[in-house]
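Right, one structure below, let's go through it.
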Amino acid sequence: MSRFDTQDKYFQKAKQLGYRARSVFKLEEIQTKFNLIKHGDNVLDLGAAPGSFLQYISKIVGEKGSAVGIDLQKIESFPQPNIKTYVGDIFDDKVYKEIGIRRFEVITSDLAPKTSGVAFLDGGRSLDLSLKVLDVCDKYLKKGGNALIKILPGFNEGDLVGELKKKFKSVKKCRPKAIRKTSGESYLVCMRFI
Ligand SMILES: C[S@@+](CC[C@H](N)C(=O)[O-])C[C@H]1O[C@@H](n2cnc3c(N)ncnc32)[C@H](O)[C@@H]1O
């Protein structure tokens with residue numbers, strides 16, 4: 001663990017509250033601002049390891065809802081019965097078949113590509129992931145549902161936002177305070193799938 005991580009106030013707070021990652025505070029801020037997820041929702045979380053989004057989503061949706069996570073890496077199991085996790089690649093149809101074909105009220109993506117440090121390469125990978133999330137929304141998001149998509153800089157964001165605006169009634173960019181100052185990431189909050 002780096003000195004930087006141990007000194008970060010969000011890292012410490014996540015540890016105190018039993019969350020598996022500091023990322024949870026980005027979702028918490030977005031949720032407070034946009035009310036993305038509602039009690040009783042079924043939420044699909046793409047790029048879910050180690051699982052702090054899932055822990056937070058599980059609390060919001062309660063026992064009538066569910067938090068379903070997919071990641072390339074195995075996610076340690078949770079005590080909460082409304083959390084289910086799957087190991088798989090979001091580009092591979094196998095994992096959706098395993099989950100069972102159904103539509104979700106919300107799809108969240110905190111997917112992060114392996115970064116190279118070269119902005120246009122990393123941006124290109126982030127765009128590929130974002131376009132795949134859009135495809136997953138087409139197949140598995142309910143009409144009227146919401147989506148959250150993390151993006152990295154290095155590509156023409158306007159084109160992606162343009163595509164998203166054809167599919168959602170509202171698309172807003174958000175950069176929560178918990179994002180490290182050194183990171184260029186931000187989130188697109190997409191409300192009301194058409
Ligand atoms: C920043 S982490 C997610 C943290 C998570 N939101 C949390 O709160 O614990 C990004 C994740 O995206 C996953 N990922 C990247 N590409 C993927 C892909 N093609 N399919 C599935 N997961 C992927 C990585 O394995 C990594 O665990």
Side-chain angles (χ1 to χ4, degrees), residues 1-2 4-5 8 10-32 34 36-37 43-61 66-80 82-99 104 106-117 121-137 139-140 146-155 174-180 182-189:
M1 197 180 298
S2 74
F4 180 69
D5 279 339
D8 179 81
Y10 291 108
F11 175 90
Q12 295 294 355
K13 196 173 160 194
K15 220 167 122 184
Q16 276 164 18
L17 297 176
Y19 284 115
R20 293 183 180 179
R22 65 192 291 298
S23 324
V24 68
F25 301 112
K26 305 174 196 171
L27 180 59
E28 185 185 58
E29 187 178 326
I30 291 166
Q31 174 67 10
T32 305
F34 296 95
L36 189 78
I37 303 161
V43 181
L44 179 63
D45 185 32
L46 305 173
S52 76
F53 271 31
L54 291 173
Q55 289 174 292
Y56 181 71
I57 293 165
S58 155
K59 283 189 193 169
I60 300 171
V61 300
S66 64
V68 177
I70 302 176
D71 204 286
L72 292 169
Q73 300 171 45
K74 188 175 174 344
I75 301 172
E76 287 301 315
S77 61
F78 293 94
Q80 295 90 327
N82 66 352
I83 303 181
K84 299 254 177 313
T85 63
Y86 296 83
V87 178
D89 187 331
I90 62 144
F91 289 92
D92 187 345
D93 280 346
K94 259 198 316 212
V95 70
Y96 306 101
K97 285 196 185 123
E98 213 186 311
I99 292 171
F104 294 83
V106 182
I107 294 180
T108 53
S109 159
D110 196 28
L111 286 158
K114 281 214 170 91
T115 49
S116 64
L121 278 182
D122 297 340
R125 287 173 191 161
S126 173
L127 176 61
D128 286 348
L129 289 173
S130 303
L131 291 173
K132 181 60 195 175
V133 177
L134 188 52
D135 176 51
V136 174
C137 287
K139 290 178 177 149
Y140 304 112
N146 302 327
L148 178 69
I149 307 177
K150 175 158 91 182
I151 54 168
L152 299 181
F155 66 90
C174 178
R175 194 178 144 82
K177 288 190 192 75
I179 293 177
R180 295 183 204 278
T182 49
S183 166
E185 75 185 43
S186 51
Y187 291 82
L188 297 173
V189 182

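Only heavy atoms go into these numbers, but all of them, side chains included; no hydrogens, no water, no symmetry mates. Each ligand, and each atom within it, is numbered from 1 in the order the structure gives.
Looking at atom 16 (N) of ligand 1, its nearest protein heavy atom turns out to be L72 CD1, 3.8 Å. Closest to atom 6 (N) of ligand 1 among all protein heavy atoms lies D110 OD2, 2.8 Å.
Which of S109, G47, G88 comes nearest to atom 21 (C) of ligand 1 through a heavy atom is settled by distance: it is G88. Among A112, G69, A14, A49, the residue whose heavy atom lies closest to atom 2 (S) of ligand 1 is A49.
For S23, every heavy-atom contact with ligand 1 shorter than 4.0 Å involves the side chain, none the backbone. Only the backbone of A48 comes within 4.0 Å of ligand 1, counting heavy atoms alone; no side-chain atom from C-beta on gets that close.
For the pair R125 and F155, the cation does not sit on the ring face, since its NZ or CZ is not both under 6.0 Å from the ring centre and inside 45° of the axis. A cation-pi arrangement, defined by a distance under 6.0 Å to the six-membered ring centre and an angle within 45 degrees of its axis, is absent between K139 and Y96.
Close to ligand 1: D89, with a non-hydrogen atom less than 4.0 angstrom away. Taking 4.0 Å as the cut-off, Q73 counts as a neighbour of ligand 1 on heavy-atom distance. In this structure, K150 is part of the shell of residues with a heavy atom less than 4.0 angstrom from ligand 1.
Of the N or O atoms in I90, one or more lie within a sub-3.5 Å distance of an N or O in ligand 1. Residue contacts with ligand 1: D71 is placed with a nitrogen or oxygen under 3.5 Å of a nitrogen or oxygen of the ligand (distance criterion only). Considering backbone and side-chain atoms alike, I70 places every N or O at 3.5 Å or more from each N or O of ligand 1. For ligand 1, the polar-atom distance check against S52 finds a nitrogen or oxygen pair separated by under 3.5 Å. No N or O atom of V24 sits closer than 3.5 Å to an N or O atom of ligand 1.
With 3.5 Å as the limit, one finds no donor-acceptor pair spanning the side chains of D122 and T115.
Within the 4.5 Å cutoff, side-chain heavy atoms of V136 are placed close to those of I107. At least one side-chain heavy atom of I60 sits under 4.5 Å from a side-chain heavy atom of Q31. Residues S23 and Y10 form no side-chain contact, since every pair of their non-hydrogen atoms from C-beta on lies 4.5 Å or further apart. Side-chain contact between E29 and T32 is absent, with no heavy atoms from C-beta onward closer than 4.5 Å.
Comment: E76 does not engage R20 in a salt bridge, judged by the lack of any side-chain N to carboxylate O separation of less than 4.0 angstrom.
Listed for the S126 side chain is a donor-acceptor partner under 3.5 Å among the backbone atoms of L152. Looking only at distances, no side-chain donor or acceptor of S183 sits under 3.5 Å from a matching main-chain atom of I179.
Remark: ligand 1 atoms within the under-4.0 Å shell around heavy atoms of L111 are 12 (O), 14 (N), 15 (C), 16 (N), 17 (C), 22 (N), 23 (C). Atoms of ligand 1 found under 4.0 Å from any heavy atom of P50 (numbered from 1 in listed order, with element): 9 (O). Residue G51 has at least one heavy-atom neighbour below 4.0 Å for each of these atoms of ligand 1: 7 (C), 9 (O).
Put simply, the residue from R180, K26, R175 that forms a salt bridge (charged side-chain N to carboxylate O under 4.0 Å, His left out) with E185 is K26.
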